[in-house]
Amino acid sequence: MSLLRESIHGQWSSRWAFILAATGSAVGLGNIWKFPYIAGENGGGAFVIVYLLCIVAIGVPIMIAEVMIGRHGRQSPINTMRSIAIGEGKSSYWQILGWSGVLAGFLILSYYSVIAGWGLAYIFRSGSGVFDGVTSDGAASIFNGLVGSPESLIAWHSVFMLMTMMVVSRGVRGGLEKAVRYLMPTLFVLLIVLVGYAMNSGAFDQGVKFLFAADFSKISANSVLIAMGHAFFTLSLGMGAIMVYGSYLPKDTSIAKTAFIVAGADTVVALMAGLAIFPIVFANQLEPGAGPGLIFQTLPIAFGHMPGGAFFGTLFFILLVFAAWTSSISLIEPAVAWLVENKNMSRQRACFWTGLATWFMGLGTVFSFNIWSDVKFFDKTFFDLLDYLTSNIMLPLGGLAIAVFAAWTMNTVTTRSELAMVNERSFKLWRFLVRYVTPVAVIIVFLNVVGLLDFT
Ligand code: PHE
């Protein structure tokens, strides 16, 4: 039995609504913006293989665990962790996991919104035709012009934060379910068009080779950590987003099947983004390790040279913003749900305060691309540091704790009945993965980075 029959925040209308919302959360800037640039910075192939391994061996089992915990607890991650732990006769300190998730979501959203703001700005740039016939230098200077202007970045960041808080304040079910239903498939089709363009760019082979030919000598302990961190980031794991979505899931849905669909869709989108981008990078003698501006400096070249490019470009950036939008709402939902549950606040009020705080924090990222670009902490700009801290440290640690909680702290009788797997073998396999494989893998990767273990 779940602790509550239904969450006070409502419930998805069906299993498909949950799949769409969870896919909406997973597929975002992580797939289209971040995956290509970190794959580029970490040498391609070998990095991609490690990332794929992490998705299968760590990501999917943890996603199953997170949805299961959420549906069992039916409250915000903080209260869910607390009440399940108490119910199992364990320490209420487990709620710390909920708190660290809220903090991670807040920090991620603060920069996520700034990058989504770039996407917003690019909708209008491509709509106005400035990419027509653009060269690689031209595309770079358009990009640098944007990130060099704090005023524009603040304006777009503000618009995106408003969009996010508007949806969250209406509750997860209103509007959103419908939006994802149409936008996700359209995004997919457009990616196919872009891959088609890349195939004819003259450097498709080179792009494919870069993405899939594994040369393990190129990989360092730190790139393994980045690949693992990205597996958490791209699947929205380790901070309660998927847990809170799970808490709105109807009782009779198969969690494991759902997790496979979500993880599969997410991976396909990331690989397609890579296949669309790298051939263009090589065909135009661009640098695969160009960093966060990569897609903003490569795709405009493709759009600038294809028939109907202004139209496709505008559409692409609209879809990118939508993908980011359906992710950003899940980043802040755990915090909002907690405020509503514990502080007796209305959803609107909770949204206002969390949105304002996140907006303010986002200014750090805005300035890290211009007036603070020389301010470094541990050799990283404010944005890089925030990204490293959240994706590579907070999310994997959160995921590790979720695995330990689901496999060691929760009772097997409870987890078995909540998951209701098709057979005992699948259940045992899942439990083995979250009990041993996931925690050990995360710990090894950490030890390897701090130099206590050396296998790379
Ligand atoms: N998965 C999202 C993306 O790839 C980002 C995200 C991370 C969303 C963590 C929610 C929680 O863009």
Side-chain angles (χ1 to χ4, degrees), residues 19-39 51 54-55 58-60 62-63 66-67 70 76-77 97-98 100-119 160 164 167-168 172 176 180 183-184 187 191 226-246 259 262-274 292 295 319-337 354 358 386-399 402:
I19 292 181
L20 284 169
T23 309
S25 166
V27 174
L29 295 174
N31 307 62
I32 299 167
W33 158 75
K34 193 172 177 190
F35 172 72
Y37 95 73
I38 56 175
Y51 154 78
C54 291
I55 295 279
I58 306 180
V60 173
I62 293 195
M63 184 180 276
E66 240 190 275
V67 178
S76 67
L97 180 55
S100 78
V102 164
L103 180 64
F106 162 74
L107 296 176
I108 295 175
L109 183 56
S110 79
Y111 74 76
Y112 204 85
S113 165
V114 176
I115 313 290
W118 299 356
F160 189 79
T164 301
V167 174
V168 181
V172 263
L176 194 78
V180 224
L183 295 167
M184 285 291 148
L187 177 67
L191 275 172
I226 295 174
M228 180 179 76
H230 189 63
F232 282 96
F233 184 89
T234 193
L235 295 178
S236 306
L237 298 176
M239 52 72 60
I242 289 293
M243 194 186 290
V244 83
Y245 276 14
V262 175
D266 186 80
T267 308
V268 169
V269 172
L271 294 178
M272 283 176 61
I295 68 158
L319 293 167
L320 179 70
V321 168
F322 267 103
W325 199 5
T326 55
S327 300
S328 64
I329 52 175
S330 69
L331 281 161
I332 205 69
E333 177 66 19
V336 170
T354 46
T358 317
L386 212 55
D387 175 42
Y388 194 90
L389 178 75
T390 49
S391 305
N392 303 338
I393 300 173
M394 296 180 81
L395 299 185
L397 277 181
I402 286 166

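Both counts, for ligands and for their atoms, begin at 1 and track the order of listing.
For the pair Lys34/Ile115, no side-chain contact is recorded, criterion being any heavy-atom separation below 4.5 Å from C-beta on. Side-chain contact between Ile32 and Leu187 is present, with heavy atoms from C-beta onward closer than 4.5 Å. In this structure the side chain of Ile295 reaches within 4.5 angstrom of the side chain of Leu320, judged on heavy atoms. Under the 4.5 Å side-chain criterion, counting only non-hydrogen atoms from C-beta, Tyr245 is not in contact with Ser236.
Ring geometry, Tyr51 versus His230: the interplanar angle falls from 30° to 60°, so the pair is classed tilted. Ring-plane geometry between Trp325 and Phe322 is classed as tilted, the angle between the planes lying from 30 to 60 degrees on a 0 to 90 degree scale.
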Kindly indicate, with the supporting measurements, whether the criterion side chain to side chain contact (heavy atoms under 4.5 Å, CB included) is fulfilled by Ile108 and Leu395.
-> CA-CA 10 Å; Ile108 295 175; Leu395 299 185; 4.1 Å; yes

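Of the N or O atoms in Leu29, one or more lie within a sub-3.5 Å distance of an N or O in ligand 1. At under 3.5 Å, not a single nitrogen or oxygen of Ser330, backbone or side chain, sits near a nitrogen or oxygen of ligand 1. Checked against a 3.5 angstrom limit, the closest N/O atoms of Leu235 and ligand 1 fall outside it. Polar contact check, Ala241 against ligand 1: no nitrogen or oxygen pair lies under 3.5 Å apart. Between Gly30 and ligand 1, a contact under 3.5 Å exists for at least one N or O pair.
For ligand 1, the atoms sitting less than 4.0 Å from at least one non-hydrogen atom of Gly28 are 3 (C), 4 (O), 12 (O), numbered in the order shown with element in parentheses. For ligand 1, the atoms closer than 4.0 angstrom to any heavy atom of Ser25 are 1 (N), 2 (C), 8 (C), 10 (C).
Proximity of Met239 to ligand 1, defined as any heavy-atom pair under 4.0 Å, is confined to the side chain (atoms from C-beta onward).
Atom 1 (N) of ligand 1 has as its closest protein heavy atom Phe233 O, 2.8 Å. Scanning the protein heavy atoms around atom 12 (O) of ligand 1, the nearest turns out to be Tyr112 OH, 2.5 Å. Considering only non-hydrogen protein atoms, atom 4 (O) of ligand 1 sits nearest to Ala26 O, 2.9 Å.
The shortest heavy-atom distance from Trp33 to ligand 1 is not under 4.0 Å.
By heavy-atom distance, the residue among Ser236, Ala22, Ala270 lying nearest atom 10 (C) of ligand 1 is Ser236.
The only option from Val27, Asn31, Val269 that meets the side-chain contact (heavy atoms from CB on, under 4.5 Å) definition with Thr234 turns out to be Asn31. In summary, of the residues considered (Ile62, Asn392, Leu397), a side-chain contact (heavy atoms from CB on, under 4.5 Å) with Phe232 occurs for Ile62 alone.
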